[in-house]
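Report on one structure; see the data block that follows.
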2 protein chains.
Amino acid sequence: MRLLVVEDEVNLAGAVVDHLRARTHAVDWAATLDEAAAAVRTADFDLVLLDLSLPDGDGLSLLREMRDRTDRTPVVIATARDRIMERIAGLEAGADDYILKPYDLDELSARIAAIRRRAGDMPTSERRFGALVVDPEGRAVHLDGQPVALTRKEWAVLDRLSRRPDTTVTREQLEQAVYGFDDEVESNAIEVHVSRLRAKLGRAAVETVRGFGYRMGRG
Amino acid sequence: MRLLVVEDEVNLAGAVVDHLRARTHAVDWAATLDEAAAAVRTADFDLVLLDLSLPDGDGLSLLREMRDRTDRTPVVIATARDRIMERIAGLEAGADDYILKPYDLDELSARIAAIRRRAGDMPTSERRFGALVVDPEGRAVHLDGQPVALTRKEWAVLDRLSRRPDTTVTREQLEQAVYGFDDEVESNAIEVHVSRLRAKLGRAAVETVRGFGYRMGRG
DNA sequence: TCCAACCTTACGGATCCCTGACGGACCGTC
DNA sequence: GACGGTCCGTCAGGGATCCGTAAGGTTGGA
């Protein structure tokens, strides 16, 4: 799960990013419209939290541009309580929800969870691979009915891999899912996490596609 | 997937080429406008990464020349942060995206992936040949519903062959798709890969056109 | 029948990947 | 602030796989 936080006020942004990082996998931060536009075009985010008043322009233009590109990434806009018109315009431009500033961080998390559920990201949300069941909603993994404890990074890898069964996920896609842009990894960290995953879930859980990446197969 | 990197600074070019080679199939490098122009006219690239300031001229002229020839190959231009006018001119001349120098290699990869996706190179991207299904997006191959594991080169060959059903692909085109210009192959490597492909996908998957090359047929 | 083109197999060097070990970073507890 | 625990990135050795080459067999056309 990968989020983009678009917010120019540094302290607020820092708090939000920290909070979300503790709860999800990778969070990127954009302080300007330019940065946000570049980020959105570059990576696949699962959700964008968009502050509307930015130093270099109106966040709505970004939202409109995304929707024009038929980019359906869920967007939550953050507006001040007295900006009712902005809020309406935002929803009309294709936002999935709004949240009033100043907002409570827990409310934000809940709102995000709701959006993602509504977006039907994964209809049944349970992903089955033989005896292995991955439940992104509850961030739980069961093997033969027994719960398996995963660390944060292990979960991030498994989450990304299990999202598209039978599809090869490149090492790069995994790195982007586990780390953001900034956090650079210079070693075989992904390999190591896959190795640790296999130790917990069984050798066959993750198939390696030499030269490209990894894949999880149905059955 | 075949890329052309146009960049005169040797160290940077080397790093970029290495990075991209690890992730895609074939990468060619041109250090001058002349070389780039020749390469672009000679081979079908899937994408061109174009540095604008070259020793023997402006990269934009190459881009314009390509577009004049109605060559729609996706082009990403690389410019320094302070060359805003260049960037705008580039987009107006028909570039598909730009990236600011100095750029992060992973960001470059992501940008390239985004472009290719946006270019609708592969709408739903599934290529069907009877019981054989080739999915370039997920780099997956299914035969009678069963996934088939392919090595990198095998995939490169199959990818090129399946791109145009019922069309004969010359041995030379295959070599260019699998290797670049430089990587020379002096033997029957392509034949060997085709043979290995047939062993995995069935004898009839790939038809040989004696004296010309190979072909994959619908139905 | 003969030749050229193509197919198949085997082999060893090159490449890529796996995994155990280690130490730094962070966290909670005493 | 010291200690124990967990998580995680890095590294290196060894092992598995890949792939170009070559050599011999097979096919197809003249």
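Lettering of chains follows the sequences in order, A, B, ..., and the numbering in each one begins at 1. Values below: all heavy atoms of this structure, side chains included; hydrogens, waters and symmetry mates excluded.
- For DNA chain D, the neighbouring residues in residues 197-211 of chain B, judged by any heavy atom under 4.0 Å, are Arg210(B).
- Side chains of Thr32(B) and Asp34(B): a donor-acceptor N/O pair is absent below 3.5 angstrom, by distance only.
- Picking from dC7(C), dT10(D), dC18(C) the nucleotide with the shortest atom distance to the side chain of Glu191(B) gives dC7(C).
- Between the side chain of Gln173(A) and the backbone N or O of Thr170(A) there is at least one donor-acceptor pair closer than 3.5 Å.
- Atom CH2 in Trp155(A) sits about 18 Å away from atom C1' in dC7(D), given to the nearest Å.
- The backbone N or O of Gln146(A) lies less than 3.5 Å from no partner atom in the side chain of Asp144(A), so there is not a single donor-acceptor pair.
- If one axis is set at each end of the helix from dT1(C)-dA30(D) to dC30(C)-dG1(D) from five pairs, those axes are 30° apart, to 10°.
- For the pair Asn188(A) CG and dA16(D) P, the interatomic distance rounds to 18 Å; values are reported in whole Å.
- In this structure, the side chain of Trp29(A) does not engage the main chain of Gly14(A) through any donor-acceptor pair within 3.5 Å.
- What separates CZ of Phe212(A) from C1' of dC18(D) is a distance of 13 Å, to the nearest Å.
- Atom CG of Leu150(A) and atom P of dC7(D) are 10 Å apart (whole Å).
- Under the 3.5 Å distance criterion, the side-chain polar atoms of Arg127(A) are matched with a main-chain donor or acceptor of Asp159(A).
- Using modelled atom types, no side-chain atom of Arg128(B) and backbone atom of Val134(B) make a donor-acceptor pair closer than 3.5 Å.
- Scored by the salt bridge (Lys or Arg N to Asp or Glu O under 4.0 Å) test, Asp166(A) finds no partners at all (sequence neighbours excluded).
- The side chain of Lys153(B) approaches dG20(D) more closely than any other nucleotide in the set dG20(D), dC18(C), dG9(D).
- Nucleotide dA5(C) holds its P atom 15 Å from the CD atom of Glu172(B), rounded to whole Å.
- Side-chain nitrogen and oxygen atoms of Tyr214(B) include at least one within less than 4.0 Å of the OP1 or OP2 phosphate oxygen of dC7(C).
- Open room surrounds CD on Glu172(B); 12 or fewer heavy atoms of other groups in view lie less than 6.0 Å from it.
- In this entry the distance linking CG of Leu174(B) with P of dC6(C) reads 12 Å, nearest Å.
- Under the 4.0 Å criterion applied to side-chain N and carboxylate O atoms, Glu65(B) and Arg41(B) are assigned as salt-bridge partners.
- For Ser195(A), there are no side-chain contact (heavy atoms from CB on, under 4.5 Å) partners two or more places apart in sequence or in a different chain.
- Here Thr151(A) does not reach the OP1 or OP2 of dC7(D): none of its side-chain N or O atoms lies under 4.0 Å away.
- Applying the salt bridge (charged side-chain N to carboxylate O under 4.0 Å, His left out) test to residues at least two apart or on different chains, the pairs with a partner in residues 194-205 of chain A are Glu154(A)-Lys200(A).
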Given protein heavy atoms under 4.0 Å, the one-letter contact record of nucleotides 21-28 of chain C, with B base, S sugar-phosphate only and - none, is simply B-------
